[in-house]
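Here's the structure, in structure tokens; my notes come after.
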Amino acid sequence: MRRAVVSLSLLAILASCTDDRVALRYGLEVGRRLGYRLTLTADVERTLSGTTRREEVRASFRATQEVVAVTGDGATARMTLVPQRLTVDGRPVDPGTPQEFTVRLAADGRVVQIEEAEGDPSEPLSSVGIERLLPRLRPVLPHAEVSTGEEWRSTTEFRDAAGEFEVAARSRLAALDVVDGLRAALVRSTYVTPVDRRETLANAVADVTGRDLAVHEAWFALEGFLIRSTGDSVGRYRVTFRPPGGEEQVAPVEGALVVRLHTEMELA
């Protein structure tokens, strides 16, 4: 009898060691719509002709995502950013118009394609690179069940009319807990994003090369959606400014750009 009790105890211990193994999956049903509060704080340094100018940009948005189509390997979603407030060095400025992106999502949550946005952001947000930020607002999930402490990697390459960039992520299941009444997983990620793009500004065309380094922490509901996340990144770029009309008599101007960005996103 005692041997049976001991055996049952060992089975219970072994079972408890595997209880934290979970499958993390996004819910990609057509019509599923989620809304979030998104805030950005960016410290921007621009260097031009040996002079460095610094500014702090703070922005808040109402962000929504709606799945509009589902395929065998993912989904197509409409993502909208509606600006609520924008300040530069503490002064309120025009936050710009809403932006709408059509994105293609892999089953693991990777943003694998971003179509050109409808709507124009305000100029202070151009250096933040909203389209480059989209793939890092939520975690990429593993393709198999994982336990606390396990890691996985992913790489996504993007190419559009403005150029190309890549997001290489390394993620880890850090913890399992209950958040806001939901069973949830804490996913911590690091990102490396090389950038080589041409961006059109109000009075110039800018060739931008460099890379972003980022860390990200997200609570993900086991029911299939993001609850909240925070991220910090540093982007360092070389920038070549050219006149928008391509006038040959005007020489290009070399500069540098450093963007330190903090993001917070929470289910609304």
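This chain uses plain numbering: 1 for the first residue, then up along the sequence.
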Is there side-chain contact between [X] and [Y], with at least one heavy-atom pair below 4.5 Å?
X	Y	value
E55	R46	yes
V234	V259	no
L261	D212	no
L137	S229	no
V70	E29	no
L257	V44	yes
R198	R242	yes
E150	L173	no

Would [X] end up clustered with [Y] when hydrophobic side chains under 4.5 Å apart are linked, directly or stepwise?
X	Y	result
F101	V68	no
L134	V195	yes
L86	L133	yes
F61	V88	yes
V112	M79	no

| request: May I have the step-by-step check of side-chain contact (heavy atoms from CB on, under 4.5 Å) for V192 and L213, ending in yes or no? | output: CA-CA 5 Å; V192 179; L213 300 176; 3.8 Å; yes
Checking the side chain of [X] only, and the main-chain atoms of [Y] only, is there a donor and an acceptor separated by less than 3.5 Å?
X	Y	value
D43	E56	no
H216	R136	yes
D180	L182	no
W152	A144	no
Y36	L226	yes

Counting only heavy atoms not in [X], do more than 12 fall under 6.0 Å of its [atom1]?
X	atom1	result
R32	CZ	yes
R172	CZ	yes
E157	CD	no

Rounded to the nearest 0.5 Å, how far does [atom2] of [Y] lie from [atom1] of [X]?
X	Y	atom1	atom2	answer
R197	D207	CZ	CG	11.5 Å
R53	L48	CZ	CG	9.5 Å
E151	S171	CD	OG	8.5 Å
F220	R25	CZ	CZ	9.5 Å
T155	Y191	OG1	OH	11.5 Å
E100	R78	CD	CZ	5.5 Å

If every non-hydrogen atom of [X] is compared with every non-hydrogen atom of [Y], which pair is closest and at what distance?
X	Y	value
A174	T148	O-CG2, 3.4 Å
L38	A63	CB-CB, 4.5 Å
L28	A106	CD1-O, 4.2 Å
P194	R211	CA-CB, 3.8 Å
G35	L267	O-CD1, 3.5 Å
T156	R110	OG1-CD, 3.2 Å

| request: Check step by step if side-chain contact (heavy atoms from CB on, under 4.5 Å) holds for V111 and L105. | output: CA-CA 5 Å; V111 178; L105 304 171; 3.8 Å; yes
| Lys NZ or Arg CZ of R138 over Y26 ring: under 6.0 Å, within 45° | yes
| So L40 and V57, side-chain contact (heavy atoms from CB on, under 4.5 Å) or not? Walk me through it. | CA-CA 8 Å; L40 312 177; V57 178; over 6 Å; no
| remark: So side chain to side chain donor-acceptor pair (under 3.5 Å) across residues 252-268, not counting sequence neighbours, yields E45-R260, D232-H262, T240-E254, H262-E264
| request: Report the C-alpha separation of S60 and T39 in whole Å, then their side-chain angles, then the decisive distance to 0.1 Å, and conclude whether the side-chain hydrogen bond (donor to acceptor under 3.5 Å, both in side chains) test is met. | output: CA-CA 4 Å; S60 60; T39 60; over 6 Å; no
